[in-house]
Amino acid sequence: MATKTKEAPIAGKAAGNPPLPAEKMKQLYSTMVKCRTMEERIRVLFKQGKFAGNYYPAVGQEATEVGCAIDLRPADTIAPSHRDFIANLIKGTPLNLMFAHLFARKASPDQGRSSPAHCGYAPLNIITPASTIAAQLNIGTGVALALKKKKKDDVVMAFSGDGSTSLGFWHEAVNFAAVQNLPIVYVIQNNGWAESVPTRLQCIVPDLSEKAKSYGMPGITVDGNDVVAVYRVATEAVNRARTGGGPTLIECKTYRWYGHSEIDPAKYRDPADVEAWKARDPIPHMEQMMERFGLWTAEYKQQIIDSFNVELEAAVEFATNAPWPEAMDALDHVYSFSIRERELNRKTWTPTK
C-alpha cells in the first residue's frame, strides 16, 4: 500500500472560512499554549531542584500530540513514551495529580513510584510509560486486541519517537496490529534525533511512514508543526480504526527545542538547525492562521496564559505540600496478593535435624 505525504493546508482556501470550525481552532491553539506554558514551568522547577530524576520536554512538538489526541474519548487509550507528559494534560488528567507525580508524592496516580517522567492515569486510560523504548507500543497493541475481542469501538493512540522504529518492540507491535486488524493508530514523532543519533543514521528512507508498506497498512507523513494538518490526518486514522478499518501509521515531522532531557546540553546539534526549526514554531504558525480569520489577538493569548498560570501555581502548591509515600508502601501493588505482612514479619528459618 503506497505511503502518502500530506502537505500543510493553505489557509483561506475555503472561501474565507477557517480550515476547521472556529471553536476547534481555538481548542487546538489554547491546548498547545497550555502544554508549552506547563513544560517551560516544569523545566524551571527541575533546575530549582523541586523534583529529582530527569525530565524529557516535548517543547516544539506540541502540534503533534495535541492534533492527535485532542478528540480522543475518555474510554480511548493513550500509550505514551517518556516524552509525552503533556498527553496527560491533553486528555484531562487533573493538574494537581500530574504535579504530585512529578514531585513523587503519595497523592500521585501511582503513589510516588514512577516519578518524574512516567506518568499514567488509569481513569482516563493513559498507560504508564516504561523506560524501555517502544515497550509502550506492545502494551497498547495488547489493549487494542482486547478492545477488538470485546467488540468495542474504542481506539488506542500509541506515541513513539523516530528512534523506536529501529527496535524490535516497534516492529513486533506494528506487525501484530496489522495481521489482527486492530483499532490502533501509531504516531511517530520524528524530531530528527534518537537521543544523539540523527535519523539519517537510523534509516535510509526519507519518510518513516514508508515502513507501513511492509505491514500492509496505510502510512502517511505530515508536517508535525502544523496542528491543523495533524488533526485532519489523525481524525481520519482514528475514524478508520474505530469503524473496523484497522491500524494506521502516522509520521509527524517535528523538532524538540531542547536536549533529549534536561541534563543533555545537545551539543551534537548544529545551532543553525535548532534556530531554523524554532522559526517553524507551531504556536505562532497557528496564531497567524487564526488571525487571518479574526480568531486570535495577543490579548486572547495572554488571557489563556494568565488563567492557566493560576491553575499551574495551585498544582505546584498542592504537590509541594502533599505528603511523601512511606517506605513500606513500596511493598504494596507488587503482586496480586499483599506481601506487606510477610515482609514485615519475616520468620527465621531453622533447619531441621
Worksheet item: Just by distance, with hydrogens left out, do Glu262 and Asn54 show a side-chain donor and acceptor under 3.5 Å apart?
Response: no
Discussion item. A side-chain contact here means heavy atoms from C-beta on lying under 4.5 Å apart; do Ile220 and Leu249 qualify?
Written reply: no
Worksheet item: Where do Ala69 and Ile78 come nearest, in terms of heavy atoms and distance?
Response: CB-CD1, 4.1 Å
Discussion item. Can a side-chain donor-acceptor contact be found between Tyr29 and Glu287 if the only test is distance below 3.5 angstrom?
Written reply: yes
Fill in: Charged N-O contact under 4.0 Å between Arg113 and Asp329
no
Discussion item. Using only atom types and a distance under 3.5 Å, with no angle test, would you say the side chain of Ser164 pairs donor to acceptor with the backbone of Gly161?
Written reply: yes
Worksheet item: Taking all atoms of both residues into account, what is the closest heavy-atom pair of Gly120 and Asn88, and its distance?
Response: C-OD1, 4.1 Å
Worksheet entry | Any side-chain donor near an acceptor of the partner, Asp71 and Tyr231, under 3.5 Å | yes
Discussion item. Any heavy-atom pair between the side chains of Leu102 and Phe85 that's under 4.5 Å?
Written reply: yes
Worksheet item: Less than 4.5 Å apart, any side-chain heavy atom of Pro80 and any of Met157?
Response: no
Discussion item. Could you check whether any side-chain N or O of Arg200 sits under 3.5 Å from a backbone N or O of Pro206, counting only pairs where one atom can act as donor and the other as acceptor?
Written reply: no
Worksheet entry | Phe176 and Val179: CA distance, side-chain angles, deciding distance, side chain to side chain contact (heavy atoms under 4.5 Å, CB included) verdict | CA-CA 5 Å; Phe176 186 84; Val179 171; 5.9 Å; no
Response to the item:
Heavy atoms of Ala107 and Ala100 approach each other most closely as C-CB, 4.1 Å
Discussion item. Using a 3.5 Å distance criterion without hydrogens, assess whether the side chain of Asp207 forms a donor-acceptor pair with backbone atoms of Glu210.
Written reply: no
Worksheet item: When clusters are formed by joining ILVMFWY residues with side-chain heavy atoms under 4.5 Å apart, either directly or through shared neighbours, do Ile133 and Ile188 land in the same one?
Response: no
Response to the item:
CZ (Arg105) and OG1 (Thr320) are apart, to the nearest 0.5 Å, by 6.5 Å
Worksheet entry | Nearest atoms (heavy-atom pairs only) where Ala63 meets Gly224 | CB-O, 3.3 Å
Worksheet item: Are any of the side-chain nitrogens in Glu313 or Arg41 under 4.0 Å away from the carboxylate oxygens of its partner?
Response: yes
Worksheet entry | 4.5 Å side-chain heavy-atom contact, His260 and Ser196 | no
Practice prompt. Let me see the working for Leu137 and Ser160 under side chain to side chain contact (heavy atoms under 4.5 Å, CB included), right down to the final yes or no.
Written response: CA-CA 8 Å; Leu137 303 184; Ser160 65; 4.1 Å; yes
Discussion item. Do Val238 and Pro183 have side chains that approach each other closer than 4.5 Å (heavy atoms only, starting at C-beta)?
Written reply: no
Worksheet item: What's the spacing between Glu62 CD and Met38 CE if we round to 0.5 Å?
Response: 9.5 Å
Worksheet item: So, Asp84 side chain and Ser81 main chain: donor-acceptor pair closer than 3.5 Å or not?
Response: yes
Worksheet item: Within 45° of the six-membered ring axis of Trp277 and under 6.0 Å from that ring's centre, is NZ or CZ of Arg256 located there?
Response: no
Worksheet item: Can you find a pair of side-chain heavy atoms, one from Met286 and one from Asp226, that are under 4.5 Å apart?
Response: no
Worksheet item: Distance from Thr37 atom OG1 to Ile304 atom CD1, nearest 0.5 Å?
Response: 9.0 Å
Discussion item. Under a plain distance cut-off of 3.5 Å, with no hydrogens placed, do Thr141 and Tyr186 share a side-chain donor-acceptor pair?
Written reply: yes
Worksheet item: Between the main-chain N or O of His101 and the side-chain N or O of Asp110, is there a donor-acceptor pair closer than 3.5 Å?
Response: no
Fill in: From Leu72 atom CG to Arg242 atom CZ, the distance as rounded to the nearest 0.5 Å
7.0 Å
Worksheet entry | Phe169, CZ atom: more than 12 neighbouring heavy atoms under 6.0 Å | no
Fill in: Side-chain donor or acceptor of Ser108 paired with backbone N/O of Ala104 under 3.5 Å
no
Item to complete: Supply the atom-to-atom distance Tyr268 OH to Trp193 CH2, rounded to the nearest 0.5 angstrom.
Response: 7.0 Å
Discussion item. Contact between Val33 and Ile283 at the side-chain level, heavy atoms closer than 4.5 Å - yes or no?
Written reply: yes
Worksheet entry | Qualifying residue, where the test is side chain to side chain donor-acceptor pair (under 3.5 Å) with Tyr55 and the options are Arg43, Lys47, Arg83, Glu39 | Glu39
Discussion item. Heavy-atom count check: over 12 atoms from other residues, nucleotides or ligands less than 6.0 Å from Lys278 NZ?
Written reply: yes
Worksheet item: So which heavy atom on Ala117 is nearest to which on Pro129, and how close?
Response: O-CG, 4.4 Å
Worksheet item: Atom OG1 of Thr254 and atom CG of Asn225: how far apart are they, to the nearest 0.5 Å?
Response: 4.0 Å
Practice prompt. Would you indicate whether the side-chain heavy atoms of Glu65 and Val230 approach each other to under 4.5 Å?
Written response: no
Discussion item. Applying a strict under-4.5 Å side-chain criterion to I, L, V, M, F, W and Y, I'd like to know whether Met217 and Leu145 cluster together.
Written reply: yes
Practice prompt. Heavy atoms only: give me the nearest Ile70-Gly67 pair and the separation to one decimal.
Written response: CG2-O, 4.3 Å
Practice prompt. Following the transitive rule for hydrophobic clusters with a side-chain heavy-atom cut-off under 4.5 Å over Ile, Leu, Val, Met, Phe, Trp and Tyr, establish whether Val59 and Val227 coincide in one cluster.
Written response: no
Worksheet entry | From CA spacing to verdict: side chain to side chain contact (heavy atoms under 4.5 Å, CB included), Ile184, Val155 | CA-CA 6 Å; Ile184 185 168; Val155 303; over 6 Å; no
Practice prompt. Count the heavy atoms belonging to other residues, nucleotides or ligands that lie under 6.0 Å from CG of Leu201, then report whether that count exceeds 12.
Written response: yes
Worksheet item: If Ile, Leu, Val, Met, Phe, Trp and Tyr residues are connected whenever their side-chain heavy atoms lie under 4.5 Å apart, and connections chain through other members, are Val187 and Tyr56 in the same group?
Response: no
Worksheet item: Do you see a donor-acceptor pair shorter than 3.5 Å between the side chains of Asp162 and Gln189?
Response: no
Worksheet entry | Expected output: side-chain Ser307 to main-chain Gln303 donor-acceptor under 3.5 Å | no
Fill in: Phe99/Phe318 under ring-ring contact (aromatic ring centres under 6.0 Å, His included): CA gap, chis, key distance, verdict
CA-CA 8 Å; Phe99 277 80; Phe318 172 85; over 10 Å; no
Discussion item. Is it true that Asn96 and Glu317 share a donor-acceptor pair across their side chains at a distance under 3.5 Å?
Written reply: no
Fill in: Leu28 with Met290, same ILVMFWY side-chain cluster at under 4.5 Å
yes
Worksheet item: Can any side-chain N or O of Ser209 pair as donor or acceptor with the backbone N or O of Glu251 at less than 3.5 Å?
Response: no
Worksheet item: Counting distance only, does the side-chain N/O of Arg269 pair as donor-acceptor with the main-chain N or O of Val274 below 3.5 Å?
Response: no
Worksheet item: Taking 4.0 angstrom as the limit, do Asp306 and Lys301 come out as a salt bridge?
Response: no
Fill in: Derivation and outcome, side chain to side chain contact (heavy atoms under 4.5 Å, CB included), residues Cys252 and Asn190
CA-CA 6 Å; Cys252 296; Asn190 184 358; over 6 Å; no
Worksheet item: Are Asp153 and Lys148 ion-paired here, with the side-chain N under 4.0 Å from a carboxylate O?
Response: no
Worksheet item: Do the charged groups of Lys91 and Asp76 touch, with an N to O distance under 4.0 Å?
Response: no
Fill in: Sidechain-backbone polar pair: His82 side chain, His118 backbone, donor-acceptor under 3.5 Å
no
